[in-house]
Amino acid sequence: MIPRARHMVAAALSSALLMLPAFTGVASAERDSQVFAVALAKTSVDVKRVADYWTPEQLKKADSYSPATPGAAATPAPSSTPAASAPATQATSPVTRAIAAQPVAPALPRKRSAATTMGKVFFRFGDKEYWCSASAIAAKNHSVVATAGHCAYDPRQAKAAEFWIFVPNPGPNGETPDGIYVGSSISMHEDWSGKGDYDFDYAFVTVHRGFKWVAKDGGGYVMQDVGRLQDNVGGQGIELNKKPGTYSAVAFGYPAGAQPDGSTPFNGKKLEMCGAGPTRWTSAVSIDLQKGVQLLSCDFSPGASGGPWLIGYNGDRGLGSLNGINSLTWNRDAKGWYDAVSCPYFDTTTGEVYRRAAALTTPSKVT
């Protein structure tokens with residue numbers, strides 16, 4: 001059991017990660033050192049299948065979807081048929097740890113003076129849609145999204161989420177002003193994919209070029225290519241190996257779930273921020289968390305999972321350096337409101353996972 005002084009209420013451990021059915025877009029898995037990569041939508045046919053699922057009408061229902069939270073596995077729907085784990089093969093682009101530890105500078109979008117990197121990821125586990133928070137990260141392929149591991153992959157069933165997309169700066173009624181970006185590959189630590197170790201509850205997802213739905217004469221919609229993610233919205237930098245207690249961070253996300261007392265101060269439609277606060281080490285033996293970092297004085301509720309922790313954040317430019325993601329919500333004093341969030345410690349190993357995602361390429365155009 002987690003000590004009462006820092007216990008997490010049941011809402012933070014609800015059964016939102018379901019057993020997953022087979023998905024034709026998941027083709028293979030690769031290992032590189034401690035990196036585990038799983039393919040999502042690889043071909044243009046896969047991308048079109050995912051896009052056709054997220055029609056404008058489907059996205060208008062986004063407010064009715066459940067914010068994903070980490071938790072115990074639930075019984076799958078009767079029609080679910082879990083697929084066998086994809087075979088692991090040796091990756092072809094190893095990264096030295098010296099390179100992996102290097103910081104990455106934030107990047108502005110091509111045609112704007114400020115970045116709009118934060119947004120939501122939408123996906124399906126089993127027969128139900130979910131969403132999380134996420135952000136675009138500066139990368140040499142201009143196509144990387146950072147989020148929580150539990151917002152992309154269920155380690156209990158060794159399955160990736162279905163129909164995974166990132167929508168930066170989403171509107172309150174399903175609008176996608178900066179495009180829709182279909183996931184191409186998830187890069188994560190092998191201890192998240194293999195054990196569900198919350199010291200590694202993060203994922204870097206390489207995405208395809210974005211598209212928008214454009215109404216066509218006679219009804220219906222057609223996909224219009226809008227280019228690469230970073231070119232359109234910019235990308236947050238990365239800072240690794242920052243010891244808790246030596247820096248302050250600001251956290252972002254789209255919280256929506258209820259507080260422990262049942263109140264719902266957030267509706268999930270607005271990007272929220274927890275102001276710069278102190279950080280400290282934390283742990284929770286029951287979920288295999290030994291190297292957690294806790295950000296105090298933050299009342300985020302479920303829905304904020306995967307949102308970025310930024311240091312050196314400049315509000316005018318919309319940029320800072322990623323040093324974590326919202327992983328767990330805490331009710332340390334066992335009262336009516338959450339009072340902290342935590343993330344895994346972002347170290348050199350995290351840099352290896354990120355570099356793997358940044359090295360992958362996707363087709364030059366959405367068709």
Side-chain angles (χ1 to χ4, degrees), residues 23-27 37-62 106-124 129 131 134-147 152 160-171 173-187 203-236 318 357-367:
F23 175 48
T24 56
V26 178
V38 177
L40 294 174
K42 294 188 68 175
T43 69
S44 60
V45 173
D46 293 332
V47 172
K48 187 64 164 60
R49 182 185 301 116
V50 175
D52 285 344
Y53 185 83
W54 294 109
T55 62
E57 289 76 18
Q58 184 80 0
L59 287 168
K60 288 178 182 178
K61 304 175 185 177
L108 285 167
R110 283 187 172 178
K111 298 180 180 180
R112 301 179 186 173
S113 60
T116 54
T117 66
M118 272 73 103
K120 292 182 180 179
V121 295
F122 297 97
F123 49 92
R124 199 175 74 177
E129 293 85 3
W131 57 267
S135 59
I137 307 303
K140 66 179 182 180
N141 62 9
H142 290 214
S143 303
V144 172
V145 174
T147 191
E162 299 177 285
F163 304 104
W164 195 100
I165 62 170
F166 175 57
V167 178
N169 192 29
N173 298 301
E175 299 91 346
T176 59
D178 293 310
I180 301 168
Y181 301 81
V182 175
S184 173
S185 178
I186 307 167
S187 295
F204 294 92
V205 181
T206 308
V207 295
H208 289 272
R209 290 171 65 92
F211 72 92
K212 289 183 179 181
W213 288 117
V214 177
K216 62 181 181 180
D217 294 339
Y221 299 90
V222 63
M223 295 170 64
Q224 181 183 77
D225 184 283
V226 298
R228 295 183 299 181
L229 175 64
Q230 183 177 319
D231 296 336
N232 293 328
V233 304
Q236 301 296 334
L360 299 177
T361 58
T362 57
S364 60
K365 188 175 182 180
V366 172
T367 57

### Query
Short question: side chain of Gln230, backbone of Val144 - any donor-acceptor pair under 3.5 Å?
no
#### Entry: Check: Val207 and Ser184 side chains under 4.5 Å, non-hydrogen atoms
no
#### Entry: Gly318 to Ala115 - nearest heavy-atom pair and separation
O-CB, 3.9 Å
### Task
Determine the sole option in Val226, Thr117, Asn169 for which the side chain to side chain contact (heavy atoms under 4.5 Å, CB included) test with Asp178 is passed.
Asn169
### Message
Please enumerate all residues that pass side-chain contact (heavy atoms from CB on, under 4.5 Å) together with Asn173, with sequence neighbours excluded.
### Response
Glu175
### Message
With side chain to side chain contact (heavy atoms under 4.5 Å, CB included) as the test, pick out the partner of Tyr181 among Asn232, Val121, Thr176, Thr206.
### Response
Asn232
### Query
Any idea which heavy atoms bring Ala359 and Lys140 closest together, and the distance?
CA-CE, 3.8 Å
#### Entry: Nearest-0.5 Å distance that lies between atom OG in Ser143 and atom CG in Leu360
10.0 Å
### Query
Which heavy atom in Arg124 sits nearest to a heavy atom in Glu129, and how many Å separate them?
CG-N, 4.1 Å
### Side chains of Trp213 and Met223 in contact at under 4.5 Å (non-hydrogen atoms)
yes
### Message
Treating Lys212 as the side-chain partner and Pro177 as the backbone partner, does any N or O pair qualify as donor plus acceptor under 3.5 Å?
### Response
yes
### Task
Evaluate the criterion side-chain contact (heavy atoms from CB on, under 4.5 Å) for residue pair Arg49 and Asp46; output intermediate values, then yes/no.
CA-CA 5 Å; Arg49 182 185 301 116; Asp46 293 332; 2.9 Å; yes
### Query
Quick one: salt bridge (Lys or Arg N to Asp or Glu O under 4.0 Å) partners of Asp231, sequence neighbours excluded?
Arg110, Arg228
### Message
Quick one, Val205 and Trp164 - any side-chain contact, counting heavy atoms below 4.5 Å?
### Response
yes
### Side chain to side chain, Val167 and Trp131, heavy atoms closer than 4.5 Å
no
### Summary
Taking every heavy atom of Ala114 against every heavy atom of Pro109, the minimum-distance pair comes out as O-CG, 3.4 Å
### Message
I want to know whether Tyr53 and Phe163 have ring centres closer than 6.0 Å.
### Response
yes
### Message
Quick check against the 3.5 Å criterion: does His142 have a side-chain atom that pairs as donor or acceptor with the backbone of Gly234?
### Response
no
## Note on the structure
When Ile180, Asp225, Val222 are each screened for side chain to side chain contact (heavy atoms under 4.5 Å, CB included) with Phe211, the one that passes is Ile180
### Query
Given side chains that start at C-beta, do those of Pro168 and Val233 come closer than 4.5 Å, heavy atoms only?
yes
### Message
Are Trp54 and Phe122 an aromatic pair, judged by ring center distance below 6.0 Å?
### Response
yes
### Query
Which residues satisfy the side-chain contact (heavy atoms from CB on, under 4.5 Å) test with Lys61, sequence neighbours excluded?
Gln58, Ser64, Tyr65
### Query
Side chains of Val145 and Ile186: does their closest heavy-atom pair fall under 4.5 Å?
no
### Note, Thr361 side chain near Asn141 side chain (heavy atom, < 4.5 Å)
no
#### Entry: For the student: nearest non-hydrogen atoms of Ala139 and Ala358, plus distance
CB-CB, 3.7 Å
### Message
Can you confirm whether Val182 sits close enough to Phe166 that some side-chain heavy atom of one is under 4.5 Å from a side-chain heavy atom of the other?
### Response
no
